[in-house]
Amino acid sequence: MTAPFYVQGAWFVGAALFIFGLKGMSSPASARRGIVIAGYGMLLAIAATFLIPGLQNIGLIALALVIGGGGAWISAQKVKMTDMPQMVAIYNGMGGGAAAAIAAVEFAKGDMHGLVATTLATLGALIGAVSFTGSCVAWAKLQGVLKKAYRLPAQNAVNVLLALISVGLGLAVIALAPQQPELVIAFFIVALVLGLIVTLPIGGADMPVVISLFNAFTGLAVGFEGYVLGNPALIIAGIVVGAAGTLLTQLMAKAMNRPISNILFTPLVASGPGEAIEGTMKELSALDAAAMMRYAGKVVIVPGYGMAVAHAQHKVWEMTSILEEAGVEVKFAIHPVAGRMPGHMNVLLAEAGVPYDKIFDLEEINGEFGQTDVALVIGANDVVNPSARTDKASPIYGMPILDADKAQNVIVIKRGKGTGYSGVENALFYTDNCRMLYGDAQPMAGEIIQHLKSMG
Amino acid sequence: MDGMLALYIFMLAAFTGYEIIAKVPVILHTPLMSGSNFIHGVVVVGAMIVLGMAETVLQQAIGFFAVALGAANAAGGYVVTERMLGMFKKKEDAQ
């Protein structure tokens with residue numbers, strides 16, 4: 001079906017607004033305006049589609065828009081900021097599912113013209129289906145529905161075998177469909193299973209990179225289905241996201257020092273006994289911690305996901321304000337993968353009202369720890385583990401870390417004596433200049449605030 | 001659609017996506033992932049076209065599923081991104 005010029009024109013403007021909006025989102029000052037502009041583009045593209053002459057099932061379309069769009073709109077309003085990563089995962093998966101479903105309808109109709117269209121439809125269906133089930137697994141893991149990583153024996157061989165079967169079935173679909181509906185069904189089932197099996201063994205710490213990868217996948221799938229439908233707006237939006245998402249995935253993987261192939265094919269486990277850690281963990285009280293920071297010249301706060309889980313960011317910001325009024329210089333140091341996604345911690349701090357010019361990333365702040373009196377580590381673990389610099393047997397060896405250990409004093413607020421998300425022992429906690437403050441981050445920050453106030 | 005023309009669109013779109021992301025500060029990685037997630041929600045337009053041409057009940061059912069999923073991608077992606085970006089403020093306008 002060819003759309004009339006006014007519909008085509010609206011789609012064109014929509015695609016332009018997407019690119020303009022995405023460009024706006026690449027700088028903090030214009031980011032909010034960027035998403036609003038892209039939003040107008042989406043509304044325009046959807047509204048114009050209703051004007052295609054001869055469009056059937058308009059009631060069904062409207063109903064599906066209301067159910068899908070309305071449901072997601074309401075649930076997205078309610079979700080907490082800490083849970084944002086899994087929401088991005090699930091909405092992304094739905095986009096992939098939609099792309100695969102478009103291909104399924106085209107196959108069912110059997111009126112696809114030409115080898116290129118059939119091939120791209122099949123490829124888009126495969127990528128979209130993998131993204132759909134894979135993103136659902138990513139959501140379940142981050143949401144805590146799936147607690148552990150499930151590894152099959154010979155996982156990598158199974159992955160490769162399934163991938164080969166799905167590609168083989170895809171080729172058969174290209175050659176024979178639509179004469180063979182069973183073949184199409186088998187193809188979709190294997191593609192969906194492939195997404196599940198590939199994602200299940202991946203640990204929670206690697207999930208952000210995987211979500212970003214699936215985001216790029218969905219973009220590609222949408223672009224390919226756009227070709228099949230002869231819709232350049234879909235091609236442009238899909239491929240722009242595919243390319244942007246691929247680059248974003250690489251940047252994230254680089255920040256974690258984990259090549260994408262490692263994330264997909266090797267679990268994060270210690271490759272040897274590791275260096276023995278010497279020393280003991282030393283405790284201190286909230287009063288001592290308050291005094292140390294109150295009379296310090298410079299304090300750098302290193303927040304981790306533990307702070308976010310304890311919802312301590314508001315208290316921490318209150319504490320920061322009191323310290324600043326007392327003349328202490330306070331900065332926040334954010335590791336690229338603090339939180340559950342790169343930049344997630346910035347969002348959480350921003351929610352608490354911390355202005356973004358107080359927040360510094362790894363390259364900016366690492367040189368300053370040498371002149372820092374107190375480094376306050378709140379609910380962070382792996383990102384300040386000095387073993388990443390020295391211990392070749394450590395699974396996190398080579399990951400860039402925040403050099404909190406170089407500060408005069410280190411205070412670590414931590415719930416218990418356990419290891420971090422990656423399950424690795426932290427050498428920082430055993431060093432001479434490090435003191436542990438055991439407890440939940442929120443009441444602890446509250447106690448420190450009380451002591452600070454009494455010091456005046 | 002003309003195959004070669006589409007290939008040129010693919011190439012230019014890929015460059016555009018790459019260039020837009022290339023110089024982005026780390027603090028915006030999460031919102032950008034979320035924002036690009038919203039943008040591929042335009043798949044809902046394709047799903048609407050497909051459902052709008054569906055003839056059998058099976059095609060209607062899959063098409064309905066596609067539109068609902070695509071709409072959820074667009075709506076959810078928008079709200080999540082907008083909420084995140086709404087929080088980025090400089091010190092002077094924080095109050």
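Only this structure's heavy atoms are used, side chains among them; waters, hydrogens and symmetry mates stay out. Note that this is a predicted model, so its numbers are computed, not measured. Protein chains get the first letters and strands the later ones, always in sequence-line order, with residue 1 at the start of each.
For Q60(B), the side chain to side chain donor-acceptor pair (under 3.5 Å) partners at least two apart in sequence or on another chain are N57(A). Remark: Q59(B) pairs with no residue by the side chain to side chain donor-acceptor pair (under 3.5 Å) rule, at least two apart or across chains.
Using a 4.5 Å cut-off between heavy atoms, N92(A) contacts chain B through both its backbone and its side chain. Contacts of F38(B) with chain A are made by both backbone and side-chain atoms, with heavy-atom separations under 4.5 Å. Contact of V347(A) with chain B is made through backbone and side chain together, with heavy-atom distances under 4.5 Å. Neither the backbone nor the side chain of S75(A) comes within contact range of chain B; no heavy atoms are under 4.5 Å apart. Looking at E225(A), neither its backbone nor its side chain comes within 4.5 Å of chain B, counting heavy atoms on both sides. There is no contact between V228(A) and chain B, counting heavy-atom distances below 4.5 Å. In this structure, chain B has heavy atoms under 4.5 Å from both the backbone and the side chain of V79(A).
The environment of CZ in F65(B) is sparse: at most 12 heavy-atom neighbours from other residues, nucleotides or ligands sit within 6.0 Å.
In terms of heavy-atom pairs under 4.5 Å with chain A, the best-connected choice from N37(B), I20(B), L12(B) is N37(B). When each of A54(B), G70(B), A61(B) is scored by its heavy-atom pairs under 4.5 Å with chain A, the top score falls to A54(B).
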